[in-house]
Amino acid sequence: MRHRLPKFQLAAMAVNCHHNYVQKETHNGQELLVTRKGAVSAREGELGIIPGSMGTRSYIVRGKGNAESFHSCSHGAGRVMSRGSARQQITLAQHREATAHVECRKDSGVLDESPAAYKSIDDVMAAQLDLVDVVHTLHQVLCVKG
Ligand SMILES: Nc1nc2c(ncn2[C@@H]2O[C@H](COP(=O)(O)O)[C@@H](O)[C@H]2O)c(=O)[nH]1
Ligand SMILES: [Mn+2]
C-alpha cells in the first residue's frame with residue numbers, strides 16, 4: 001500500500017501520544033511515579049488522540065491540565081469485552097454490518113477488535129469533558145490492521 005500513498009510529509013506538527021508507561025512527574029508539589037495504562041497525558045494545551053474503534057470516530061484533543069486526573073485522559077473508548085469473549089460473541093455478519101462504511105478487514109481474524117468489543121466513544125468523550133477539549137473529529141474511512 002505504501003507505494004500507492006503520497007509520501008508522508010510533516011507540514012505543521014505531529015501528535016505524539018504514548019499510552020502505556022510510567023514516568024516521574026510533579027503533582028501538588030510532590031514528585032510521583034505516574035503510570036498511564038490506557039491513558040494519555042493531557043496537560044494544559046497538550047494535543048492528544050483518542051481513538052474510537054474500527055467503526056467509529058476518533059478525536060484529536062487538547063488537554064485541560066485537570067489536576068484531579070493528574071493531567072491525564074483516556075487513550076480510547078476501551079473494551080466492554082475481552083478479546084476472547086469478542087471472538088465468541090461477535091459474528092462475522094455483525095462485524096461486516098458494523099464496518100460497512102469502512103475499508104478494512106472483514107475476516108474472523110479481527111473479530112476481537114470489532115466495534116462491538118469497545119465502549120461507546122460518545123459516552124467516553126462525555127465522561128471526560130473536564131479533561132480535554134475536542135480540536136478535530138476524525139471519521140473512520142480506512143483501517144489497516146497487521
Ligand atoms: N480508530 C481506531 N481505534 C481503535 C481501533 N482498535 C482499537 N481502537 C481504540 O484504541 C484504543 C486503544 O487500542 P489499543 O489496541 O492500543 O489498546 C481502544 O480502547 C479503542 O478505543 C481501530 O482499529 N481504529
Ligand atoms: Mn495499546
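The shown structure was predicted, so the numbers you read here are calculated from the model rather than taken from an experiment. Atoms within each ligand, like the ligands themselves, are counted from 1 in listed order.
Checking only distances, Gly76 never comes within under 3.5 Å of ligand 1, N or O to N or O. Checked by distance only, ligand 1 and Gly52 come closer than 3.5 Å through their nitrogen or oxygen atoms.
When atom types are taken as modelled, the side chain of Ser58 and the backbone of Gly52 share a donor-acceptor pair closer than 3.5 angstrom.
Aromatic rings from His27 and His71 are positioned such that their centres are separated by under 6.0 Å.
Contact check for Pro51 versus Tyr118: no side-chain heavy atoms found under the 4.5 Å cut-off.
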Inset, instruction - May I have the step-by-step check of side-chain hydrogen bond (donor to acceptor under 3.5 Å, both in side chains) for Ser85 and Ser82, ending in yes or no? - result: CA-CA 5 Å; Ser85 320; Ser82 67; 2.8 Å; yes

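Relative to atom 24 (N) of ligand 1, the option among Ser74, Ser53, Ala77 with the closest non-hydrogen atom is Ser53. The closest heavy-atom contact to atom 12 (C) of ligand 1, among the options Arg83, His75, Glu113, comes from His75.
Proximity of Gln140 to ligand 1, defined as any heavy-atom pair under 4.0 Å, is confined to the side chain (atoms from C-beta onward).
When all heavy atoms are compared, the tightest approach of Ala98 to Pro115 is CB-CG, 3.9 Å.
Every atom of ligand 1 is numbered from 1 in the order shown, and the set under 4.0 Å from a heavy atom of Lys145 is 5 (C), 6 (N), 22 (C), 23 (O). Numbered from 1 in the order shown, with element, the atoms of ligand 1 that lie under 4.0 Å from a heavy atom of Ser58 read 1 (N). Those atoms of ligand 1 that come under 4.0 Å of a heavy atom in Gly78, given as number and element, are 19 (O), 21 (O).
At a threshold of 4.0 Å, the pair Lys64-Asp133 counts as salt-bridged, since one of the basic side-chain nitrogens sits closer than that to a carboxylate oxygen.
Contact analysis puts His19 in contact with ligand 1, with a non-hydrogen atom separation below 4.0 angstrom.
No side-chain N or O of Ser114 forms a donor-acceptor pair with one of Gln94 less than 3.5 Å apart.
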